[in-house]
Amino acid sequence: MSSNSDLLTRESLARESAKSRLQDSILRLPDAMVGTMNTQTLPPAAVRLRRRRFQHGSLQKRQSGGGWNWIAFWWEDGRRRGQLLGPCSTMSRPEALAEMARRLQSINARAGEVRPRVWTLGDWIREVFLPFSRRKWKLSTASTSGDRIRKHIIGDLGSFEIQSLTRDRLQEYLDQKLVQGLSFSVVDHLRWDFRAIFRLATQDRLFTHNPAEMLFTPRRLAPSARRVLCPEQIQAILHVLDLREQLIVRLALFSGMRPGEILALQWKHVAADHVAVVQRLYRGQLDRPKNERSQRTVALSSTTRTLLKQWRPPVTDPEAWVFPSARTTTPLGRDNTWRRLIAPKLKPIGFDWATFQVMRRTHASLCRQAGIDPKLVADQLGHGLGVNLDVYTVADLDQRQQAVQTLEATIIRPQQR
């Protein structure tokens, strides 16, 4: 028993001694350094500011020009510098050391100053912009925007110092992307990416102003025509589709749902006259709807309700997927649904261009032609009124002709003609 108690006593004394030494070492530190002992308050290693060090330099004897010379080496702005001091035949080592100290005097005068890190664009994006942006991005945004930024911006400009990228240089880059044949959407998104990246860099005081704020998508790059389906084309498409594919297309065309919202439906979300959009499917993973407006109740047409009843199995698990894959435990994927189930049936009749995006645009445009309140259409689609009118709605030529005729009739009365 005595040996055990002695052992416990020695361990206790050792712990107390270690604790005392730690406290003494902390007490000997300057007050400013003690305040940084909490590692949770330290900035990440990638963004910590470094201070300029006092340099003694390196004096070396090297042979050059047919004789031996004293050469001084030191570091300045992250690069190694060197300078010839004089020949060894006329300058002693103490004299060379004194001369090197004189040359380093102006550099050492700034010792202790904070030296900001020289960022390359690629390092800034990887270490600062992407980690911060991923905290607010949705899964789909992180995937598409992250891939685009890594492939184009980091791939092309990642090695450049971030402060060397001026407004003109960034605009020239967008112009080059035009020449390379990139789509209007990609170039326009790259412009938006630049604005977001350099806005954060400006907030962190790497710039006095955002050089990407006034960038524009090149004028010569015209957006592709926004195609929509006419009623006759819609009837032809529905005629060649089976029940499952017809239901998916009807939910996109007549209810204005996104493909990820359609495929994420479970039977518990399906009511007699509507479906509830509370989740969406993106690349095989469930996620929240795209935005606050996207979480909504979507009305169903009478024919769509009838077809849903036909598609619904006799015994239904509320958690079961409305459109299950072959394994039944997972829903259909968007790409497989289009490439394997819908597009092959539309290609023979020449409508394989009628993608899900075209279907949503058709929904908005035909609702506009039918005189339906734009606010109702926007709520059905799950976005703002401005997006509905500016992005998804395409005015028919007959409507525009009728509009200008109506305008003329209100200005010029029949008796004046």
Side-chain angles (χ1 to χ4, degrees), residues 224-267 269-277 280-281 297-314 316 320-326 328 330-372 376-377 380-382 388 391-399:
S224 57
R226 297 185 296 166
R227 304 179 71 175
V228 296
L229 294 163
C230 68
E232 294 75 17
Q233 293 172 329
I234 294 174
Q235 294 177 13
I237 288 174
L238 295 177
H239 181 71
V240 299
L241 297 177
D242 296 331
L243 177 59
R244 177 181 58 181
E245 291 76 32
Q246 186 177 154
L247 263 176
I248 294 173
V249 169
R250 279 182 169 274
L251 288 172
L253 273 171
F254 300 131
S255 296
M257 295 178 66
R258 301 177 177 91
E261 298 169 347
I262 297 172
L263 301 176
L265 287 175
Q266 296 171 277
W267 285 112
H269 304 140
V270 180
D273 58 351
H274 69 273
V275 296
V277 176
R280 67 167 177 163
L281 188 71
T297 299
V298 176
L300 301 176
S301 66
S302 58
T303 306
T304 303
R305 295 199 297 266
T306 301
L307 294 178
L308 267 174
K309 291 179 182 178
Q310 296 178 16
W311 174 248
R312 187 166 190 160
T316 306
W321 303 105
V322 176
F323 302 106
S325 64
T328 70
T330 57
L332 286 172
R334 183 193 65 179
D335 294 340
N336 284 339
T337 299
W338 176 255
R339 294 174 183 171
R340 297 183 180 181
L341 302 180
I342 299 178
K345 295 180 181 179
L346 299 186
K347 189 173 183 179
I349 61 175
F351 294 132
D352 52 327
W353 53 268
T355 61
F356 286 114
Q357 182 72 11
V358 172
M359 295 179 192
R360 270 175 64 84
R361 190 183 304 126
T362 298
H363 173 89
S365 300
L366 294 184
C367 284
R368 176 80 169 176
Q369 294 180 22
I372 300 174
L376 296 178
V377 180
Q380 181 79 357
L381 290 169
N388 174 49
V391 178
Y392 285 95
T393 302
V394 178
D396 183 73
L397 179 59
D398 293 338
Q399 285 184 301

For R250, look at atom CZ and say whether over 12 heavy atoms of other residues, nucleotides or ligands are found less than 6.0 Å away. yes
Identify the two heavy atoms, one from G333 and one from L263, that lie closest to each other, and give their separation to 0.1 Å. C-CD1, 3.7 Å
Heavy-atom donor-acceptor pair, W311 side chain to V322 backbone, under 3.5 Å: yes
Look up atom CG in D273 and atom OG in S301, then write down how far apart they are to the nearest 0.5 Å. 11.5 Å
Under 3.5 Å, side chain of S325 to main-chain N/O of T330, donor-acceptor pair present? yes
Would you compute the distance between atom CG of L366 and atom CG of L229 and round it to the nearest 0.5 angstrom? 8.0 Å
Take L281 and R334 through the side-chain contact (heavy atoms from CB on, under 4.5 Å) test and state the conclusion after the steps. CA-CA 8 Å; L281 188 71; R334 183 193 65 179; over 6 Å; no
N/O donor-acceptor pair under 3.5 Å between R361 side chain and R227 backbone: yes
State the OG1-NE2 distance between T297 and H269, to the nearest 0.5 angstrom. 11.5 Å
Under the side-chain contact (heavy atoms from CB on, under 4.5 Å) criterion, do T337 and F323 qualify, and how do the steps go? CA-CA 10 Å; T337 299; F323 302 106; over 6 Å; no
Scan the side chains in residues 232-240 for donor-acceptor partners under 3.5 Å anywhere in the protein, sequence neighbours excluded, and list what turns up.
{"from": "Q233", "atom 1": "OE1", "to": "C230", "atom 2": "N", "distance (Å)": "3.0"}

Is it the case that the side chain of S365 and the backbone of T362 share a donor-acceptor pair, with hydrogens and angles ignored and the cut-off at 3.5 Å? no
Can you confirm whether R340 is buried at CZ, in the sense that more than 12 heavy atoms of other residues, nucleotides or ligands lie under 6.0 Å from that atom? no
Just how far is it from atom CG of L308 to atom CH2 of W267, taken to the nearest 0.5 Å? 5.5 Å
Residues L241 and Q246: closest non-hydrogen pair is O-NE2, 3.7 Å
T306 meets the side-chain hydrogen bond (donor to acceptor under 3.5 Å, both in side chains) criterion, sequence neighbours left out, with none
Taken to the nearest 0.5 Å, the spacing of H363 NE2 from L251 CG works out to 11.5 Å
So, the side chain of H274 versus the backbone of V298: is there a donor-acceptor pair under 3.5 Å, distance only? no
List the steps, then state whether side-chain contact (heavy atoms from CB on, under 4.5 Å) holds for L341 with N336. CA-CA 7 Å; L341 302 180; N336 284 339; over 6 Å; no
Suppose the criterion is salt bridge (charged side-chain N to carboxylate O under 4.0 Å, His left out): which pairs have a residue in residues 233-243, not counting sequence neighbours? D242-K345
Nearest 0.5 Å, what's the OG1-CZ distance between T355 and R360? 11.5 Å
Kindly indicate, with the supporting measurements, whether the criterion side-chain contact (heavy atoms from CB on, under 4.5 Å) is fulfilled by L346 and W338. CA-CA 10 Å; L346 299 186; W338 176 255; 3.9 Å; yes
